> 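Before I ask anything, here is the structure I am working with.
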Amino acid sequence: MAQKPSIPKGTRDFGPQVMVRRNYIFDTIRTVFQRYGYQPIETPAMEQLSTLLGKYGEEGDKLLFRILNSGDFLSAYDKNPEHLEASNLLPHISEKGLRYDLTVPFARFVVQYRNDIVFPFKRYQIQPVWRADRPQKGRYREFYQCDADVVGSDALLNEAELVQIVNDVFKKLGVRVVVKINNRKILAGIANYIGSPESITDITVAIDKLDKIGIESVNQELAEKGISNEAIEKLQPVLFMKGNSHEKMAQMAQLIGGNDIGAKGLSEMKTLFEYLDHMSLDVEYELDLTLARGLNYYTGAIFEVKALDAQMGSICGGGRYDDLTGIFGMPGVSGVGISFGADRIYDVLLELNLFPETSSQSTTVLFVNFGSQEEKFCLPLLAALRSAGINAEIFPEADKMKKQMKYADLKKIPFVILAGESEIQSGFVFVKNMLTGEQISVGVTGLVDFMIQTVA
RNA sequence: GUGGUUGUAGCUCAGCUGGUUAGAGCAUCAGAUUGUGGUUCUGAGGGUCGUGGGUUCGAACCCCAUCAUCCACCCCA
C-alpha cells in the first residue's frame, strides 16, 4: 500500500458510534444552558492574531496555531537582510490564528456588537478550540469547549448560578464531581500578607501544585522563584489550613482580613457560599485555597471541577474577569463564565461506563430489498413509518439476503421487514425481530400501527 | 521546549543468542446455505518489518540518524 493517510497529531476522527455519545454530552450541556436562559452564538475558527496574542500569557502565545498568509506573503516585504528580523517579518507571514478558547473571541464579540446586545448578556457557545500543545492523556490539540458566560453584571448570583449549572450537568450525566472554588482577590491578599504582592503569579502557580507534588516541593519551588524565606514561612499556615469551607474563611479572615483586597475576596466568597448553601445542590463544593488556574485574566471567583471517580485533570473550569473587554476598548464590563471540557468528560464517561445503553442505535426498521417491483411496494410503507416517527430505511439494492441481514445485524437494527413477491400478493409481510430471531406475519394495512406499538 | 516509551497485515500483537519462504487471533472477502443475521466449518486475499544509512556471508532482531506514536514534565479543558 502507498503511505497510509493520517491526521495531524493530537486530532481525532469521530465515527458514528462515538458521535452518538458525543452528541449525548453536547445535548445534555446545551439543554441545561438553555434552561437557565443562555443564548447561543458562534464565532469563526480563526481570529486576527492581534485579537489572540497577549491574552493568555507568554506560554499561551506559544501554544497558538498561526495561519500562514495566502499568496506570496513576502512580495511587499523589504528583503534587505539588515532589516530581517523575526518581529517585523511575522506580520507579513501570519495575521490570523486558530482560537485558543471561547472566552476571548466572546469578549471581542461583545465589544463589536455592544449596541445590539441586551445586558446582562447570557450566552453559550459550543465549538472546537486549538492548542499547539504536546498531546497526552486527556489532552488534545483540537478539542471542544462548552462555554456559558454572563457579561454586564457584577452580581455574585451569577457565580452561584454557574455552580448550579455544573450541578445540573453532572447530575444528568451521572458523574460524581467536586467543585473547587477560590477567589483571585484572596490569592492577592495572601501575596500582600506575606509581603510579596508582585509575586502573586509565582506564588499561585506553586501552591496550585500542592496536592500533586507536596509541601516540600512547593516551598522549594517558591524559593527558586526568589520568594524570601520569611515570606515562605508566613505562607505555611495557608498551605496547612484544615477545616471546612466556612472554617477556612474564618481562619483566613485572621490572616488577610487586614488588607483591602483580601477582605474583599473573603467577603465575595462568603456571599457566594451563602447563595450556594440555599440552592440544595447535589454536588460537593468547597473552598480550595490552593486553586489558582492559569488564565491571568481572572480577577474574582475561580472554579474548577474534578471527577471524583476518575483520574483526569479538571473537566470544567471558569471564573470572573472584571475587565476582559477593556483590552478591546470597552472598559468597565464585568463577566463571569464557565467552560466544560467535552472531550475530557467523554473520556470520564467512557472510563466509568456511564453512557446510556440506547445511545448506539440509529435505525429501527430495515426493509429487505428484493427487487424493483418490491422496492416500489415498500416505498409508501417506508414513508408512512417515517411520518409516524420511526427511523426506517430500505437496503438500496437487491443484494443477497444474507448480506442485507448482516447489514441489519452490524448496524444493530432491531427490526427487519421482508416483503417479497409472495408477501405482496398475500397482503402480509414478515416482521423479524433481530434480537429474538422471531418472525411474525403482519397485514400491510396495520403495519404502521403494529410497529408503533412494538417500538413503544 | 525537556525526559522517556513504542513502531511487524485493516486492528491487537508473537517472532528465540542475528540464520531458509516473517506468524497468530480478530476483521475482510468467497463457499458450505439460490428467501434469513448474530454461532460453526472450509478456503482466499492482504506485509517496502516506520524511513534512511551502517555493521555482517546473512538484519524484523545489533549500531547511528530521522520521522511518527504514546506517557510524563512545563502548562492546561
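Since the structure is predicted, the reported quantities are computational estimates derived from the model, not experimental observations. Convention: sequence-line order gives letters A, B, ...; per-chain numbering from 1.
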> Please report the C-alpha distance between Phe370(A) and Phe377(A) in whole Å, then the side-chain angles of each, then the deciding distance to 0.1 Å, and finally whether the ring pair (Phe, Tyr, Trp, His ring centres under 6.0 Å) criterion is met.
CA-CA 10 Å; Phe370(A) 285 101; Phe377(A) 175 81; over 10 Å; no
> When the P atoms of rA30(B) and rU39(B) are compared, how many Å lie between them, rounded to an integer?
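One P to the other, the span is 16 Å.
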> When the P atoms of rG46(B) and rG37(B) are considered, how many whole Å apart are they?
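My reading of the P atoms in rG46(B) and rG37(B) gives 28 Å.
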> Suppose you measure atom C1' in rU12(B) against the same atom in rU28(B); what distance do you get, rounded to whole Å?
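My reading of the C1' atoms in rU12(B) and rU28(B) gives 16 Å.
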> Say you pick atom P in rC62(B) and the same atom in rG15(B); how far apart are they, in whole Å?
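Result for the P pair: 12 Å, nearest Å.
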> Looking at Asp409(A) and rG37(B), is any side-chain donor or acceptor paired with a base atom of the opposite kind under 3.5 Å?
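Donor-acceptor pair under 3.5 Å: yes.
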> By side-chain contact (heavy atoms from CB on, under 4.5 Å), which residues pair with Val448(A), not counting sequence neighbours?
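Per chain and number, Val448(A) pairs via side-chain contact (heavy atoms from CB on, under 4.5 Å) with Ala384(A), Leu385(A), Ala388(A), Ile452(A).
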> Kindly state which residues belonging to residues 425-434 of chain A come within less than 4.0 angstrom of RNA chain B, counting heavy atoms of the residue only, listed by number.
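Heavy-atom contacts with RNA chain B come from Phe430(A), Lys432(A), Met434(A).
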> If you pin Gly10(A) and Val205(A) to their nearest nucleotides in RNA chain B, which one's is more 5'?
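Going by which nucleotide is closer to the 5' end, it is Gly10(A).
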> Does Lys9(A) reach a base, just sugar-phosphate, or nothing at all? Heavy atoms under 4.0 Å.
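Sugar-phosphate contact only - Lys9(A) comes under 4.0 Å of backbone atoms but never of a base.
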> Please state the P separation for the pair rG4(B) and rG43(B) - nearest whole angstrom.
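It works out to 49 Å between them.
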> Counting only distance, no hydrogens or angles, is the base of rU36(B) paired donor-acceptor with the side chain of Gln404(A) under 3.5 Å?
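Side chain to base: no pair below 3.5 Å.
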> C1' atom, rG45(B) versus rU40(B): distance in rounded Å?
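Taking atom C1' in both rG45(B) and rU40(B), they lie 22 Å apart.
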> Stacking check: are the rings of Phe143(A) and rA77(B) less than 5.5 Å apart at their centres and under 30 degrees in tilt?
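Stack criterion met.
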> When you measure from the side chain of Lys209(A), which nucleotide among rU36(B), rC75(B), rA77(B) comes out closest?
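For the Lys209(A) side chain, the nearest candidate turns out to be rC75(B).
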> In whole angstrom, what separates Arg131(A)'s CZ from rC74(B)'s C1'?
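About 14 Å, once rounded to whole Å.
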> Under 4.0 Å, counting only non-hydrogen atoms across every strand here, what does Lys306(A) touch: a base, just sugar-phosphate, or nothing?
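The residue Lys306(A) makes no contact with any strand.
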> Measuring only the P atom in each nucleotide, how far is rU42(B) from rG53(B)? A whole number of Å is fine.
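Taking atom P in both rU42(B) and rG53(B), they lie 44 Å apart.
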> How far apart are the closest heavy atoms of Ser94(A) and Asn69(A), and which atoms are they?
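Looks like CA-OD1, 3.4 Å.
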> Could you tell me which residues satisfy salt bridge (charged side-chain N to carboxylate O under 4.0 Å, His left out) with Asp323(A), sequence neighbours excluded, listed by chain and number?
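In terms of salt bridge (charged side-chain N to carboxylate O under 4.0 Å, His left out), with neighbours along the sequence ignored, Asp323(A) is linked to no residue.
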> Among pairs that include at least one residue of residues 341-351 of chain A, which meet side-chain hydrogen bond (donor to acceptor under 3.5 Å, both in side chains), considering only residues two or more places apart or in two chains?
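Passing the test, one end in residues 341-351 of chain A: Arg12(A)-Asp343(A), Arg22(A)-Asp343(A), Tyr140(A)-Asp347(A).
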> Please report, to 0.1 Å, the donor-acceptor pairs under 3.5 Å made by any side chain of residues 102-113 of chain A, with sequence neighbours excluded.
| residue | atom | partner | partner atom | Å |
| --- | --- | --- | --- | --- |
| Thr103(A) | OG1 | Asp147(A) | OD2 | 3.4 |
| Arg108(A) | NE | Glu47(A) | OE1 | 2.9 |
| Arg108(A) | NE | Glu47(A) | OE2 | 3.4 |
| Arg108(A) | NH1 | Gln112(A) | OE1 | 2.8 |
| Arg108(A) | NH2 | Glu47(A) | OE2 | 2.8 |

> Measure from the side-chain heavy atoms of Arg344(A) and tell me the nearest of rG37(B), rA77(B), rC71(B).
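Output: rA77(B).
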> Does Ser422(A) or Tyr144(A) map to a spot on RNA chain B nearer the 5' end, using the closest nucleotide for each?
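The residue closer to the strand's 5' end, by nearest nucleotide, is Ser422(A).
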> Using atom P in both nucleotides, what's the gap between rU51(B) and rC11(B) to the nearest angstrom?
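Looking at atom P only, rU51(B) and rC11(B) are 15 Å apart.
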> For the side chain of Arg134(A) and the base of rU2(B), is some donor closer than 3.5 Å to an acceptor across the two?
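Side chain to base: pair present.
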> Indicate, with a heavy-atom threshold strictly under 4.0 Å, whether Gln145(A) touches base, sugar-phosphate, or nothing.
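Sugar-phosphate contact only - Gln145(A) comes under 4.0 Å of backbone atoms but never of a base.
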> What is the distance from CZ of Phe170(A) to P of rA77(B), rounded to the nearest Å?
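The distance from CZ of Phe170(A) to P of rA77(B) comes to 14 Å, rounded to the nearest Å.
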> Run the ring-ring contact (aromatic ring centres under 6.0 Å, His included) test against Tyr144(A) and tell me which residues pass, sequence neighbours left out.
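So Tyr144(A) forms a ring-ring contact (aromatic ring centres under 6.0 Å, His included) with Phe26(A).
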> Before giving the answer on salt bridge (Lys or Arg N to Asp or Glu O under 4.0 Å), spell out for Arg139(A) and Asp133(A) the whole-Å C-alpha distance, their side-chain angles and the decisive distance to 0.1 Å.
CA-CA 8 Å; Arg139(A) 176 177 297 188; Asp133(A) 210 349; 3.0 Å; yes
